[in-house]
Amino acid sequence: DLVSGQTKLTFQHGSLPYSIKFRPNKNQLATSSSQSTEAQIWDLDSGTVVERLHHPDGLAEIAWNPDGDLLATACADYQIYLWDVTNTNAVHLLSGHSDVPQEVSFSFDGQFLASRAWDGTLRFWDPWTGQQIFKQFVPGFTDGFSRAGYQYGYNVSSHEKGFFEL
């Protein structure tokens with residue numbers, strides 16, 4: 001609570017979280033950890049885990065689509081998992097990276113998903129079909145999608161930025 005300066009709720013995650021993302025349509029958040037093979041969805045009212053999404057290896061970044069019904073998880077098995085959290089099914093397994101994916105993000109309207117891995121590739125996907133749309137080598141971290149368009153920022157070099165427009 002910012003007014004009182006008091007912590008409202010703490011979670012016993014069990015391992016150091018890599019990523020924590022608030023669900024856009026419910027009072028929940030999702031967490032991931034490179035030291036755990038499951039993404040956890042927490043209820044913020046009770047402080048309890050309401051869903052556990054199991055993976056074959058540890059996890060990096062996670063991202064909700066804008067409607068809060070799909071969760072993308074970047075797994076150390078070099079794949080991106082897309083989960084329909086309304087029934088906890090992995091609806092798509094996005095393959096193509098040759099190293100661990102570190103970043104995932106949805107476009108402002110959920111029509112595109114981007115992933116970047118330690119192999120240096122930035123990939124754009126259709127999250128509804130699971131098809132890869134575009135692949136490009138990028139030398140460093142990315143900035144994600146703009147809030148109101150299909151621009152995606154990335155590092156061209158240590159002193160230069162660029163962007164793609166889908």
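This is a predicted model, so every value here is computed, not measured. Computed from heavy atoms alone, side chains included, the values below leave out hydrogens, waters and symmetry copies.
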Gap separating the CZ atom of R116 from the CZ atom of F124, nearest 0.5 angstrom: 12.0 Å

If we ignore angles and hydrogens, is there a donor and acceptor under 3.5 Å between the side chains of D109 and Q111? no

Indicate, with yes or no, if V104 and Y78 share a hydrophobic cluster defined by side-chain heavy-atom contacts under 4.5 Å among Ile, Leu, Val, Met, Phe, Trp and Tyr. no

ILVMFWY clustering at 4.5 Å (side-chain atoms), partners of F137: none

Whether the side chain of N155 engages the backbone of F141 through a donor-acceptor N/O pair (distance < 3.5 Å, no angle test) should be reported. yes

How many angstroms lie between CZ in R147 and OG in S107, if you round to the nearest 0.5 Å? 13.0 Å

Ignoring hydrogens and angles, tell me if any N or O in the side chain of N65 forms a donor-acceptor pair with the backbone of D69 under 3.5 Å. yes

Are I41 and V85 close enough, and set up right, to give a side-chain contact (heavy atoms from CB on, under 4.5 Å), and what steps lead you there? CA-CA 9 Å; I41 300 174; V85 294; 3.8 Å; yes

If you look at every heavy atom in H97 and S115, which pair is closest and at what distance? NE2-OG, 2.7 Å

Full working for ring pair (Phe, Tyr, Trp, His ring centres under 6.0 Å) between Y152 and F164: CA-CA 5 Å; Y152 192 92; F164 295 108; 7.4 Å; no

Give, for atom SG of C75 and atom CD1 of I62, the distance between the pair rounded to the nearest 0.5 Å. 12.5 Å

For the residue pair D57 and D77, what are the closest heavy atoms and their distance? CB-N, 3.9 Å

Are L53 and W64 linked, directly or through intermediate hydrophobic residues, by side-chain heavy-atom contacts shorter than 4.5 Å (ILVMFWY only)? yes

Going by the rule salt bridge (Lys or Arg N to Asp or Glu O under 4.0 Å), which residues pair with K135 if we only count those two or more places apart in sequence or in a different chain? none

Expected output: side-chain S32 to main-chain A60 donor-acceptor under 3.5 Å: yes

Would you check if there is a donor-acceptor pair between the side chains of T48 and W42 at a distance under 3.5 Å? no

Salt-bridged, E61 to K21, with N to O below 4.0 Å? yes

Output, in order, the C-alpha distance, side-chain angles, deciding distance and verdict of ring pair (Phe, Tyr, Trp, His ring centres under 6.0 Å) for W83 and H55. CA-CA 11 Å; W83 297 88; H55 298 74; 5.1 Å; yes

Working to the nearest 0.5 angstrom, can you tell me the gap between L122 CG and Y154 OH? 9.0 Å

Please find the pair of heavy atoms, one from P24 and one from D67, that lie closest to each other, and give the distance. CG-C, 4.4 Å

Tell me whether F22 shares a hydrophobic cluster with L70, the cluster being built from Ile, Leu, Val, Met, Phe, Trp, Tyr side chains joined at under 4.5 Å. no

P127 to G110 - nearest heavy-atom pair and separation: CG-O, 3.3 Å

For the residue pair F112 and F145, does the interplanar ring angle fall in the parallel (under 30°), tilted (30 to 60°) or perpendicular (over 60°) class? parallel

Ignoring hydrogens, what is the shortest heavy-atom contact between A72 and L113? Give both atom names and the distance. CB-CD1, 3.9 Å

Pairing donors with acceptors under 3.5 angstrom, does anything connect the side chains of N27 and D45? yes

Do L71 and Y81 sit in one hydrophobic cluster, given that two such residues count as connected whenever their side-chain heavy atoms are within less than 4.5 Å of each other, even indirectly? yes

Look only at the side chain of H54 and the backbone of T37, and say whether a donor-acceptor pair between them is shorter than 3.5 Å. no

Please find the pair of heavy atoms, one from L82 and one from F106, that lie closest to each other, and give the distance. CD2-CZ, 3.9 Å

Do V138 and L166 share a hydrophobic cluster, counting only Ile, Leu, Val, Met, Phe, Trp and Tyr and linking them when any side-chain heavy atoms are less than 4.5 Å apart? yes

Do the side chain of T121 and the main chain of R123 share a donor and acceptor less than 3.5 angstrom apart? no

Between W125 and Q131, does the side-chain contact (heavy atoms from CB on, under 4.5 Å) criterion hold? Intermediate values first, please. CA-CA 6 Å; W125 310 88; Q131 296 299 305; over 6 Å; no

CD of Q28 to CD of Q40: how many Å apart, nearest 0.5 Å? 13.0 Å

Start with the C-alpha distance between Q79 and L94, add both sets of side-chain angles, then the distance that settles side-chain contact (heavy atoms from CB on, under 4.5 Å), and finish with yes or no. CA-CA 6 Å; Q79 300 180 95; L94 309 179; over 6 Å; no

Looking at CG of L59 and CD of E38, how far apart are the two atoms once the value is rounded to the nearest 0.5 Å? 9.0 Å

Check ion pair K161-D143 (N to O, under 4.0 angstrom): yes

